[in-house]
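Below: one structure, written as structure tokens.
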Amino acid sequence: MFDLDLIGKVYGSLAGRIDRAREVLGRPMTLAEKILYAHLYDPEQIARYRRGEDYVNFAPDRVAMQDATAQMALLQFMNAGRERTAVPASVHCDHLIQAENGAGSDLPRALDTNREVYDFLRTVADKYGIGFWRPGAGIIHQVVLENYAFPGGMMVGTDSHTPNAGGLGMLAIGVGGADAVDVMAGMPWELKMPRLIGVHLKGKLGGWAAPKDVILKLAGILTVKGGTNAVIEYFGEGAASLSATGKATICNMGAEVGATASLFPYDGRMAEYLRATGRGEAAALADGMAEYLRADPEAEAAPERCYDRVIEIDLSKLEPYINGPFTPDAAHPISEFAAVVREKGYPRRMEVGLIGSCTNSSYEDLGRAASVARQAAEKGLEVKAQFIVNPGSEQVLCTARRDGIIAGFEAIGAVVMTNACGPCIGQWNRRTDDPQRANSIVTSFNRNFAKRADGNPNTHAFVASPELVTALTLAGDLCFNPLTDTLTDREGKAVRLDPPQADALPHRGMTVDDNGYVAPSADGRSVEVTIRPDSQRLQVLKPFDPWDGNDLHKLPLLIKAAGKCTTDHISMAGSWLRFRGHLENISDNLLMGAVNAFTGGTNDVLNQLDGSRGAVSAVAKDYKRHGIGSVVVAEENYGEGSSREHAAMEPRFLGVRAILVKSFARIHETNLKKQGVLALTFADKADYDRIREDDRISVQGLADFAPGKPLRVVLEHGDGTEEAFEANHTYNPLQIEWFKAGSALNYKG
């Protein structure tokens, strides 16, 4: 068992810190507040922090990193001057494994292809006391849930779906690598005190409804930015009825509404999961702290007093949902979805069903999906679509195989991929007759942005529960509703699928032959971490230049992005993952997916130096060669999606000095600040329309850069006319020092 001493230490001070905070606040506390106040970096700095306004310093208990983001995070940590990390940390090799033919051949190929990166991660982990999970061990968030997450703890992870650990009552927050470095270096970790959204769950799920449907419905209510700078906290009798892994699914997809984190209160279902995963001692400790691991009864009884917003969902009335395409908040109850498909003209034929990912790859998820899959043989049905399964961990895979779950999938022709992210993050070598053809797939993943899964902008990706994905795979028809419709068996008879049935936890306990964990050396000082000078995968980082003390003067517009611009648009995943440790090489994908507001196309912008047109990165490089910075302009929720800080480091590396948008996603705005890029928002969003393709942009007032004080933006149009307007920012005094130093890592305090 991991972290027993850590858990004991946290619980040893938890009650006292919470009691004192309650006295200061003078009112009942929610669970999120309890964990936040119990993890103040300086316990003496207890105050009535204003939600959504005050920046507060925290001391998380643990850090987790997946291999794609760990490369840049650890390259930065190597410059921190420490021999060991200040808090426990782990690296999980789950992102770089491409899904193609199945685990048997895909994993060996990945081990060979990525050997240089894996060797770097293993040795740097060994040197600095970081736990290392080998390729194939599992997906970071499932492995964290099985091994590290504990009620009342606080962790950060270099992946936006880190809040998955909220399924065990842990306040887990996705961050960029620079934030993770702060925590591993023992420095204060800064976060704006989040707002609180309370979700009161009533009733109990039944039939085809699954925990996934709770968050799919909520995504439709909140939209992709409705949870920004907020923690979503679930409570009520409905919450207690859900399994721990079901809770984790809901918390995982809180990232899709922009939430800082999501969490559930400690209950018996969490205790069951802790014991089932070999952590009975942690469950016993949590049982003794139970009253501090949930909201105060008065807060649950009168939630309007303690939460900024309260939403009620009756699980007994909840329908299965299908969300998409192209955005995870396009929510459709199953009873209405067929009409939507017909009305919108979405490709009706469902070509591939994919289950697993960090969101839905637990034993229970696979079991419920397998109960549907087995009905194909039992009811004489032919499977109409391709079926792909990504188990969440080696422990889940071994247990599911022992209990016949995997055999149920293989019996209908499913391909079982490596215990890794695979298609969910674009690591899918999909074989299709036309990579640009319009088609539909349904997944149990969390995101469905255009081109994300297979690189095809015309793949209509929909998100649903694993059991609903499986039913649609049997039907091969987006308009099929298993609650009301029938399928035709081999004899031409109409048959109806039964609702899924499965155990949340295996009766015979979990089993695994080799969980894939490699412990670090007790003393890593003699461990050598080598990076070849000619490596195309890894590159030693050089510090960014500090601010020169001047305003930004007449910088050319690099791109004015229209519509959704996620971190996938800014720094694509897929095949580009191989360059996550090489800033210069990966910068070639800068904003290649962003839609140019002036042309409607992608990766084609004006070079103001000679009037030519080129790829975004090529034009930015040309400006940089001439010693000229540039500016990016975009619309709402810029940088939503993954926590990848490459989306902030690439523009910084290629000379982008400022990014001016209508609004930012939380993690990305922080990443930009950490890397020394000026992150600004239009004071009047209508000013976005003033930006022209041939603009030179100045930002004035930096000599007096101060919290709450707008800056002045001056546009010099190509015709010689000028316009000016105000731009806002959310910088606090420390973040302004980061800007002046050139980056947070440059700032010496």
Side-chain angles (χ1 to χ4, degrees), residues 40-42 45 47 49-58 76 79-80 156 175-183 185 187-194 228-229 260 543-553 555 629-634 638-639 645 647-649 651-653 655-683 697-714 724-749:
L40 294 176
Y41 187 80
D42 182 351
Q45 291 186 342
Y49 294 113
R50 295 168 298 174
R51 299 176 192 163
E53 296 184 40
D54 291 335
Y55 284 90
V56 184
N57 289 329
F58 294 101
Q76 294 176 83
N79 294 328
V156 297
V175 299
D179 278 14
V181 170
D182 284 350
V183 178
M187 297 166 58
W189 175 62
E190 183 186 71
L191 177 72
K192 183 182 289 186
M193 183 61 80
T228 303
N229 290 323
T260 300
F544 292 127
D545 293 333
W547 175 54
D548 62 7
N550 299 314
D551 286 341
L552 306 186
H553 185 62
L555 304 184
S630 59
V631 177
V632 170
V633 173
Y638 179 80
E645 65 186 325
M649 297 184 79
R652 181 71 167 101
F653 180 74
V656 174
R657 301 294 306 281
I659 295 184
L660 176 61
V661 303
K662 294 182 179 180
S663 66
F664 286 104
R666 176 192 65 84
I667 298 176
H668 188 63
E669 182 179 21
T670 300
N671 286 347
L672 290 171
K673 292 177 179 180
K674 288 268 182 175
Q675 301 303 333
V677 181
L678 196 58
L680 304 175
T681 57
F682 291 100
I697 302 172
S698 300
V699 179
Q700 301 174 345
L702 289 174
D704 300 314
F705 195 8
K709 185 176 182 179
L711 297 171
R712 177 180 169 84
V713 176
V714 179
F725 53 82
E726 285 191 341
N728 295 330
H729 64 84
T730 61
Y731 284 78
N732 62 30
L734 176 60
Q735 293 168 346
I736 290 173
E737 294 303 316
W738 297 345
F739 171 76
K740 292 178 179 178
S743 73
L745 287 177
N746 288 356
Y747 178 63
K748 303 304 180 184

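All values derive from a computational prediction rather than experimental measurement. In what follows, residues are counted from 1 in the order of the sequence shown.
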Heavy-atom donor-acceptor pair, Asp179 side chain to Val175 backbone, under 3.5 Å: no
Looking only at heavy atoms, the pair that brings Arg666 and Leu191 closest together is NH1-CD1, 4.0 Å
4.5 Å side-chain heavy-atom contact, Leu555 and Ser698: no
Give the ring-plane orientation class for Phe682 versus Phe725, where under 30° counts as parallel, over 60° as perpendicular and anything between as tilted. tilted
So, for Ala727 and Val713, which heavy atoms are closest and what is the spacing to 0.1 Å? CB-CG2, 3.7 Å
Taking the basic N atoms (NZ, or NE/NH1/NH2) and the acidic carboxylate oxygens, is any pair closer than 4.0 Å for Lys674 and Asp182? yes
Met193 side chain reached by Phe58 side chain, heavy atoms, under 4.5 Å: yes
For Asn732 and Glu190, test the side chains for any donor-to-acceptor distance below 3.5 angstrom and give the result as yes or no. yes
For a side chain to side chain contact (heavy atoms under 4.5 Å, CB included) check, start with the C-alpha distance between Tyr49 and Lys192, then their side-chain angles and the critical distance, and finish with the verdict. CA-CA 9 Å; Tyr49 294 113; Lys192 183 182 289 186; over 6 Å; no
With side chains defined as the heavy atoms from C-beta onward, is the minimum distance between Pro707 and Pro733 less than 4.5 Å? yes
For the side chain of Asn57 and the backbone of Pro188, is there at least one donor-acceptor N/O pair under 3.5 Å apart? no
So, Tyr41 versus Trp189, ring centres under 6.0 angstrom or not? no
Would you find a donor on one side and an acceptor on the other, under 3.5 Å apart, between the side chain of Glu645 and the backbone of Gly177? yes
Kindly indicate, with the supporting measurements, whether the criterion side chain to side chain contact (heavy atoms under 4.5 Å, CB included) is fulfilled by Arg657 and Trp547. CA-CA 10 Å; Arg657 301 294 306 281; Trp547 175 54; 3.9 Å; yes
State whether the side chain of Trp738 and the backbone N or O of Ala741 hold a donor-acceptor pair below 3.5 Å, judged by distance alone. no
Just by modelled atom types, is the Leu678 backbone N or O under 3.5 Å from a matching donor or acceptor in the His729 side chain? no
Check the pair Asn728, Leu680 against side chain to side chain contact (heavy atoms under 4.5 Å, CB included), reporting the backbone distance first and the verdict last. CA-CA 6 Å; Asn728 295 330; Leu680 304 175; over 6 Å; no
Residue pair Tyr638 / Ala634: nearest heavy atoms and the distance that separates them: CD1-CB, 3.4 Å
What closest approach, in Å, do Thr260 and Asn229 show between heavy atoms, and which atom pair accounts for it? OG1-CA, 3.6 Å
Side-chain donor/acceptor of Arg652 to backbone N/O of Gln675, under 3.5 Å: yes
Kindly indicate whether the side chain of Ile659, heavy atoms from C-beta on, has any atom under 4.5 Å from the side chain of Leu672. yes
Heavy-atom donor-acceptor pair, Tyr55 side chain to Leu734 backbone, under 3.5 Å: no
Could you state the interatomic distance from CD (Glu726) to CZ (Arg712), rounded to the nearest 0.5 Å? 8.5 Å
Whether Asp551 side chain and Gly701 backbone form a donor-acceptor pair below 3.5 Å: yes
Might you point out which heavy atoms bring Val181 and Leu745 nearest each other, and give the distance in Å? CG1-CD2, 4.0 Å
Distance-only donor-acceptor check, side chains Lys673 and Thr730, under 3.5 Å: yes
Could you report the tightest heavy-atom contact between Ala679 and Phe664, atom names first, then the distance? CB-CZ, 3.7 Å
Take Leu711 and Leu702, measure what side chain to side chain contact (heavy atoms under 4.5 Å, CB included) needs, and give me the verdict at the end. CA-CA 7 Å; Leu711 297 171; Leu702 289 174; 3.8 Å; yes
